[in-house]
Amino acid sequence: MGAIVRSRNKRIRGENNFSGGINTGLDPFGIRENQSTYEMGWDTDNHPFLATPKGRTAHGSAGGGVTNLLTAFGNTHLVRAVGTSLQYNSSGTTWTNISGTFANTDWDATNFEVNGAPALVLVNGMDAPRVWNGSSLSTLGGNPPVGKYITNDTVRLWMAKDDILHFSAALDAEDWTSAENSGFIQYYTERGGNITGLKNFYGDKYVWKRDSMAVIQGTNYYNFQLKEISNDVGCVSFKTIQEVGDALFWLGERDVYMFQGGFPTPIGDPIRGYLNRINRAQIGKCCAITDGIKYYLCLVLDSATEPNIRLVYDPRYRIWRVCASNENYRYSVLFNNQAYVGNSSGQVYRFNDGSFTGSWEIITRPFDEGIGEAEKEYKELHLQGYFPSGTTVQVYYSTDDRGSNWTQIEFNPATATVAQNKNMIIPLDTIPLTHWIRFRLTGTGPVTIYNMQRYFRVCRVQH
């Protein structure tokens with residue numbers, strides 16, 4: 001919570017540092033002082049301070065179609081699907097076509113050994129499963145299903161088609177028919193529906209429908225068991241399933257979930273305002289990214305047809321921030337400790353690489369200073385932070401508790417043009433007496449804000 005200190009001259013000092021992340025799930029008056037009601041252009045790298053995120057760097061040229069897959073062949077190179085083509089990136093940033101033309105649809109992939117050699121097995125639910133060995137592409141043998149989702153454990157390949165989970169023979173990716181070795185398990189639920197996601201996590205195979213979740217345990221066909229975890233929590237887009245540290249994260253129908261065994265934990269209340277705006281017709285395009293530490297969730301909001309907002313959840317601090325908009329990311333992969341993303345134009349980027357060059361914004365909760373019935377006379381706003389040369393800063397206020405009307409505060413930003421830490425002082429003498437106030441900070445370029453203090457006097461309460 002922010003601190004309020006009464007000084008000898010009866011001027012009161014309030015402070016907040018924005019360390020609580022965004023909270024759109026409660027009335028603005030109900031959130032904590034260090035939370036925001038709206039923000040854009042922030043990450044958690046300098047927590048508890050408020051800092052803009054890193055940038056991105058193009059990795060080769062665009063592929064001439066929407067990104068339908070971005071994955072890796074072991075730790076050797078990247079592989080992507082763009083439009084109807086498959087391509088690989090074996091050195092530098094050059095993408096090379098893989099022979100063949102395929103359905104223009106989402107792919108899934110997993111690394112497994114095929115015929116005694118490392119391979120990437122790729123499926124899309126329409127074409128026959130393919131095998132990439134690092135130099136050539138072939139069709140997976142053994143009469144496999146035309147699966148839509150794929151994963152593996154240390155022994156077998158697993159594919160999901162409709163509501164059935166198929167598994168290969170032990171240690172043989174090209175044997176899907178041998179008795180008492182390969183086989184299938186039907187994932188039947190009362191409300192029906194097809195499988196929407198499949199992921200191996202600590203040796204167990206987790207499977208989702210839109211409204212349910214189950215786990216397959218065991219290592220041999222004779223002791224496989226499908227156990228229901230929930231008939232209410234499901235997954236709406238397999239591209240949002242990410243393993244971050246010792247937890248799985250994904251997007252469900254009504255929430256975002258974190259799972260470490262047992263029952264999934266909902267973590268989406270602070271971003272409820274965004275979850276309520278998801279374009280349900282495009283929800284399958286939502287995706288997620290991980291840098292190995294944080295979970296970045298890309299949502300399709302309102303009337304958009306591609307993911308147009310990126311949020312980040314940091315499990316270390318259990319907060320959400322809003323990073324960027326209109327990036328149109330479709331797929332991601334963590335490859336050799338570097339995250340890569342592909343967008344709706346087939347362009348791949350090195351994620352969180354380079355300098356931030358965009359705009360940022362944050363809006364505080366309405367401050368009534370704990371004395372809601374009294375009018376306040378605001379004097380000064382102080383900002384401590386790092387404002388490099390070229391960074392711009394604007395400050396606005398609103399005496400509307402919902403912040404629908406904003407007035408810009410004119411001040412001399414000269415102290416913000418030096419590449420060092422500064423105490424920026426913004427005069428508030430033009431603000432009328434008010435019961436509560438909200439502040440809006442906007443700007444461009446990299447910035448780190450350590451603290452914000454507001455100085456004010458409390459007026460006599462009228463009886």
Side-chain angles (χ1 to χ4, degrees), residues 62-74 76-90 95-115 117-152 156-169 172-177 182-184 187 193-200 205 207-209 235 237-239 241 282 284-285 287 330-333 342-346 348:
V66 64
T67 301
N68 288 322
L69 176 70
L70 183 61
T71 187
F73 172 59
T76 304
H77 57 242
L78 297 172
V79 175
R80 71 181 181 183
V82 281
T84 60
S85 300
L86 290 172
Q87 299 176 338
Y88 72 101
N89 166 234
S90 60
W95 291 92
T96 302
N97 284 326
I98 297 172
S99 179
T101 301
F102 310 95
N104 188 2
T105 189
D106 287 339
W107 290 74
D108 196 10
T110 193
N111 282 278
F112 196 69
E113 190 173 279
V114 179
N115 290 325
L120 181 70
V121 185
L122 306 102
V123 299
N124 63 21
M126 300 179 71
D127 296 306
R130 296 302 204 270
V131 177
W132 172 251
N133 65 7
S135 59
S136 63
L137 188 74
S138 60
T139 300
L140 182 67
N143 196 29
V146 182
K148 187 173 180 62
Y149 309 107
I150 188 169
T151 192
N152 67 277
R156 305 170 190 272
L157 280 179
W158 292 77
M159 288 191 206
K161 179 182 179 182
D162 300 329
D163 66 345
I164 297 177
L165 287 160
H166 299 261
F167 56 90
S168 71
D172 191 346
E174 295 196 307
D175 181 354
W176 295 84
T177 58
S182 63
F184 66 89
Y187 179 26
N194 290 332
I195 292 167
T196 58
L198 178 62
K199 180 77 171 180
N200 183 65
K205 280 66 64 180
V207 57
W208 292 263
K209 292 186 176 183
C235 176
S237 173
F238 77 102
K239 290 176 287 185
I241 303 170
Q282 305 291 337
K285 294 180 180 178
C287 68
R330 279 292 203 94
Y331 270 88
S332 73
V333 64
N343 69 7
S344 59
S345 299
V348 172

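Computed from a predicted structure; not experimentally measured.
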query = Is the shortest heavy-atom distance from the side chain of Leu198 to the side chain of Lys148 under 4.5 Å?
reply = no
note = d(Phe184 CZ, Asp163 CG) to nearest 0.5 Å is 10.5 Å
ask   = If you round to the nearest 0.5 Å, how far is CD1 of Ile195 from NZ of Lys161?
value = 12.0 Å
key: Backbone of Leu70 reached by a side-chain donor or acceptor of Arg80 within 3.5 Å   = no
task = Flag the pair Trp132 / Ile98 as yes when at least one side-chain heavy-atom distance between them is below 4.5 Å, and no otherwise.
result = yes
inquiry  = Testing the basics here: between Leu140 and Ala173, what is the closest heavy-atom pair and its distance to 0.1 Å?
reply    = CD1-O, 3.6 Å
ask   = About how many Å separate CZ of Phe167 and NZ of Lys205, when rounded to the nearest 0.5 Å?
value = 10.0 Å
inquiry  = Quick check: closest heavy atoms across Ala128 and Thr139, and the distance to 0.1 Å?
reply    = CB-CG2, 4.0 Å
query = So how far is it from Asp175 CG to Arg156 CZ, rounded to the nearest 0.5 Å?
reply = 9.5 Å
message = Using a 3.5 Å distance criterion without hydrogens, assess whether the side chain of Lys239 forms a donor-acceptor pair with backbone atoms of Asp106.
response = no
task = Mark yes or no for whether Thr196, through its side chain, and Cys235, through its backbone, hold a donor-acceptor pair below 3.5 Å.
result = yes
key: Separation between CD1 of Ile150 and CZ of Phe112, rounded to the nearest 0.5 Å   = 9.5 Å
task = With side chain to side chain contact (heavy atoms under 4.5 Å, CB included) as the test, would you mind laying out the steps for Gln87 and Thr96 before giving the verdict?
result = CA-CA 5 Å; Gln87 299 176 338; Thr96 302; over 6 Å; no
query = Can you tell me if Thr71 uses its side chain to pair, donor with acceptor, with the backbone of Val79 under 3.5 Å?
reply = no
inquiry  = Tell me whether Thr151 contacts the main-chain N or O of Asn200 through its side chain, where contact means a donor paired with an acceptor under 3.5 Å.
reply    = yes
message = In the structure I gave you, are the side-chain heavy atoms of Ser344 and Val66 within less than 4.5 Å of one another anywhere?
response = yes
ask   = If only atom types and distance count, is the side chain of Asn111 paired as donor or acceptor with the main-chain N or O of Ala72 below 3.5 Å?
value = yes
task = Ignoring hydrogens and angles, tell me if any N or O in the side chain of Ser237 forms a donor-acceptor pair with the backbone of Lys285 under 3.5 Å.
result = no
key: Closest contact, heavy atoms only, Met126 versus Asn124   = N-OD1, 2.8 Å
query = Does Asp162 use its side chain to pair, donor to acceptor, with the backbone of Ile164 at less than 3.5 Å?
reply = no
query = For the residue pair Phe238 and Tyr331, does the interplanar ring angle fall in the parallel (under 30°), tilted (30 to 60°) or perpendicular (over 60°) class?
reply = perpendicular
ask   = Going by atom types alone, do Asn68 and Asn104 pair a side-chain donor with an acceptor below 3.5 Å?
value = yes
ask   = With a 3.5 Å cut-off and no angle check, do the side chains of Asn143 and Thr177 form a donor-acceptor pair?
value = no
query = What distance do Asn133 atom CG and Glu113 atom CD have between them, rounded to the nearest 0.5 Å?
reply = 12.5 Å
ask   = Is there a side-chain contact between Val82 and Trp95, using heavy atoms and a 4.5 Å cut-off?
value = no
inquiry  = Could you tell me if the side chain of Tyr149 sits less than 4.5 Å from the side chain of Val123, heavy atoms only?
reply    = no
key: Minimum heavy-atom distance Pro145-Pro129, with the two atoms named   = O-CG, 3.3 Å
message = Within the 4.5 Å heavy-atom criterion, are Leu137 and Leu122 side-chain neighbours or not?
response = yes
query = Given side chains that start at C-beta, do those of Trp107 and Leu86 come closer than 4.5 Å, heavy atoms only?
reply = yes
Student check: side-chain heavy atoms of Leu157 and Thr110 closer than 4.5 Å = yes
